[in-house]
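These notes are about the structure you will find just below.
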Number of protein chains: 2
Amino acid sequence: MREVAALAKVSIKTVSRVVNGESGVSPSLVRRVIAASERLNYRHNLTASSLRRSDGRSATIGIVLEDVANPFSSALHRSIEDVAVQRGVLVLAGSSDEDGDRERKLVSAFASRRVDGLIIQPSSQDHSYLLSERRAGTPIVFVDRPPAFFDADTVLTDNAAGVRRGVRHLVQNGHRRIGYLGDLHTIVTAAERHRGYVEELADQRIEADERLVRLDLRGIERAEAAATEMLGHSQPPTALFAGQNLVTIGAFRALRRLGLHQRVALIGFDDILLADLLEPGITVIAQDPAAIGRTAAQVLFRRLDGDESPTQHHIVLTRMITRGSGEILP
Amino acid sequence: MREVAALAKVSIKTVSRVVNGESGVSPSLVRRVIAASERLNYRHNLTASSLRRSDGRSATIGIVLEDVANPFSSALHRSIEDVAVQRGVLVLAGSSDEDGDRERKLVSAFASRRVDGLIIQPSSQDHSYLLSERRAGTPIVFVDRPPAFFDADTVLTDNAAGVRRGVRHLVQNGHRRIGYLGDLHTIVTAAERHRGYVEELADQRIEADERLVRLDLRGIERAEAAATEMLGHSQPPTALFAGQNLVTIGAFRALRRLGLHQRVALIGFDDILLADLLEPGITVIAQDPAAIGRTAAQVLFRRLDGDESPTQHHIVLTRMITRGSGEILP
DNA sequence: TTGTCTTCTGACAACGTTGTCACTTGTGTC
DNA sequence: GACACAAGTGACAACGTTGTCAGAAGACAA
């Protein structure tokens, strides 16, 4: 910047004004400064700028995802990015791998780089550690799952309602013995989905049968094994509800291997790429990650613009996509 | 930092030494400084640090992907992140959407934030604009596709060889009329894959038939339409090679709709989630995005560690995964 | 002419760090 | 006891910017 100022024969302050597009610089000087910048290949240093600026903004936000490569998380990432670019804000992303410790380390690394805001898909069981960030003025929005021991804006899917919708669909098709396969019960969303199953059965006056419920199924193989076992019982379910992505795939594999995929109904939570090309196509309760990410980013930027209203809790609705597997009759 | 120094009754320089883990500070002072930092909830400011540091490192790299939410790109992202975290480096990611202009804007935004290095999955047709970054000392690595008008380290898939392997597999199974469906020919990798098809047919002494080649198929629908049309000819192909992800899905849809999925062979480039659950399972030439990302990150960090050897060009091999669709006989 | 106001410009300090260098101890050697 | 040397510590400037404030130059009215 000093060199540009020297070449343009102005003070560095005037260069700063031009670079920041401030008004009150005569057109002739603006031209000279721009010409000098281009000739010297000058690039504005945002880190120095944010250090000096009164608001200290870095035009960067940090997001903690479960895994940047996981389809749900990366869809969140993309829709957050789309809102951010419109404001010239860049996104630092990191994967927590369902590990509270990595989540904390990422937040700390983001904080060291003075991000303007944080969006977190939480893994940790206790978010009181975020109090210091909050005190430093960093807005924080939680997506997909609520925080624990910490009050903050959230954007969540209505998990229980989505499951209830799917279970009701199965009941309406005449099913009474509906199996449930769920993810780790410690994950809040998984617990919510299981609650939806239990409540809908109760509402439909169908007696709960604990032999038809298997939780803590992490990954495709576990789910496949559990489904295979459940279908081998003397009174097997006539329909299955799978509470998560990979669990759905595992359940479908089990049905296929047992030759039951055209006889036992299946509904899964979360859409699956190519689900329409399978035989039968898999009926799912689809989340809307793009809407979740977009909403979260909008809430975050409103906070950055000074919105100090009480914490907001947004719910994004699910949608049932019928493709065949959920419409198999008992 | 000043406050911490005051509370610990030392100079701010000593606090700096402790924060950076420099040797030569007596244990008692280290304890006092750490205690004071914790009491004041002090957080090291990396932006100020990198501004002052002689090497100017920000412990942040920037990556330009085609789309952070696309499975191939996000797998790259994840494997780059895995290498970066080990060095305490964070990743700024952005999507170019196959648009050279967005690519340039992202690079410029990264440069303003003084990233230590760049990894680019290029969209632009001319990378000479990167000369100024190079001159500023920022190492740059290209992944998936080579740069144009610019010499830099690359990590690429051997596209042509992968396609040849698949086509050879079809020929060995007795096919002579093999259709080719490809992505935009302006994308270098797509052109390479098409070249592999042409060359392997020539090697196998099979005459090229231009009615069996359709390029510039962007997206599932286009591919589905082109495949449908090609299969309707008087002398239809007995096998199809699909040069890209979505093209494979489109081709499979067309085969299914025409009831030919058990009669016409299909091999696709790039693996597809759930391809094993379809009927038949789809045989693919699988890339290894994790290996590409890992290698690229390793090359980048070696450059950051001072490696000034001539530009390196790494090739990551493909793997054929047979699942049934490629083993259908004519 | 003088005074007042507006518009443009620049000098200087400061943001939170770290590199440089000089100073103060303490230890060991002759 | 004098001296050299190592280890620990701090004062100060500097990194590249922007906020503050003051001053110069010109326009206009009295």
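Note on Leu29(A): only backbone sugar-phosphate atoms sit closer than 4.0 angstrom, heavy atoms only; bases stay farther off. Using a 4.0 Å heavy-atom criterion, one finds that Val19(B) contacts no nucleic acid atom at all. Residue contacts for Ser16(B): at a heavy-atom cut-off of 4.0 Å it reaches a base atom on one of the strands shown.
Each of Lys13(B) and Ile12(A) was matched to the nucleotide of DNA chain D holding its nearest heavy atom; the match closer to the 5' end belongs to Lys13(B). Both Arg53(A) and Asn20(B) lie near DNA chain C, and the one whose nearest nucleotide falls closer to the 5' end is Arg53(A).
Although no hydrogens or angles enter the test, the distance criterion places a donor-acceptor pair under 3.5 Å between the side chain of Ser124(B) and the main chain of Asp126(B). No donor-acceptor distance shorter than 3.5 angstrom exists from the side chain of Arg32(B) to the backbone of Val10(B), with no hydrogens or angles considered. Formation of a donor-acceptor pair under 3.5 Å by the Arg114(A) side chain with backbone atoms of Leu46(B) is not found in this model. Within the 3.5 Å criterion, the main-chain N or O of Ala290(B) finds a donor-acceptor partner in the side chain of Ser79(B).
Between the CZ atom of Arg114(A) and the P atom of dT17(C) there is a distance of 7 Å, rounded to whole Å. Here the P atom of nucleotide dG16(C) and the NE2 atom of His44(B) are 12 Å apart, to the nearest Å. Following rounding to the nearest Å, Asp55(A) (CG) and dC15(C) (C1') show an atom-to-atom distance of 12 Å. A straight line from CZ of Arg52(B) to C1' of dC12(D) spans 10 Å, rounded to a whole angstrom. Between Leu51(A) atom CG and dA14(D) atom P there is a gap of 17 Å when expressed in whole angstrom units. Put simply, CD on Glu22(A) is 14 Å from P on dT17(D), counting in whole angstrom units. Between the CE atom of Met1(B) and the C1' atom of dC12(D) there is a distance of 14 Å, given to the nearest Å. Between Asn45(B) atom CG and dC15(C) atom C1' there is a gap of 9 Å when expressed in whole angstrom units.
For Arg17(A) and dG10(C), a side-chain-to-base donor-acceptor distance below 3.5 Å is present, hydrogens and geometry of angles not being considered.
Between Thr14(A) and dT9(C) there is no side-chain N or O to OP1 or OP2 distance below 4.0 Å. For Ser49(B), a side-chain nitrogen or oxygen approaches OP1 or OP2 of dT18(C) to under 4.0 Å. Applying the 4.0 Å criterion to OP1 and OP2 of dG8(D), one finds that Ser26(B) has every side-chain N and O outside that range.
Electrostatic pairing of Arg294(B) and Asp82(B) does not count as a salt bridge here, judged by no charged N lying under 4.0 Å from a carboxylate O.
The listed nucleotides are dG10(D), dG16(C), dA11(C); the one nearest the side chain of Ala48(B) is dG16(C).
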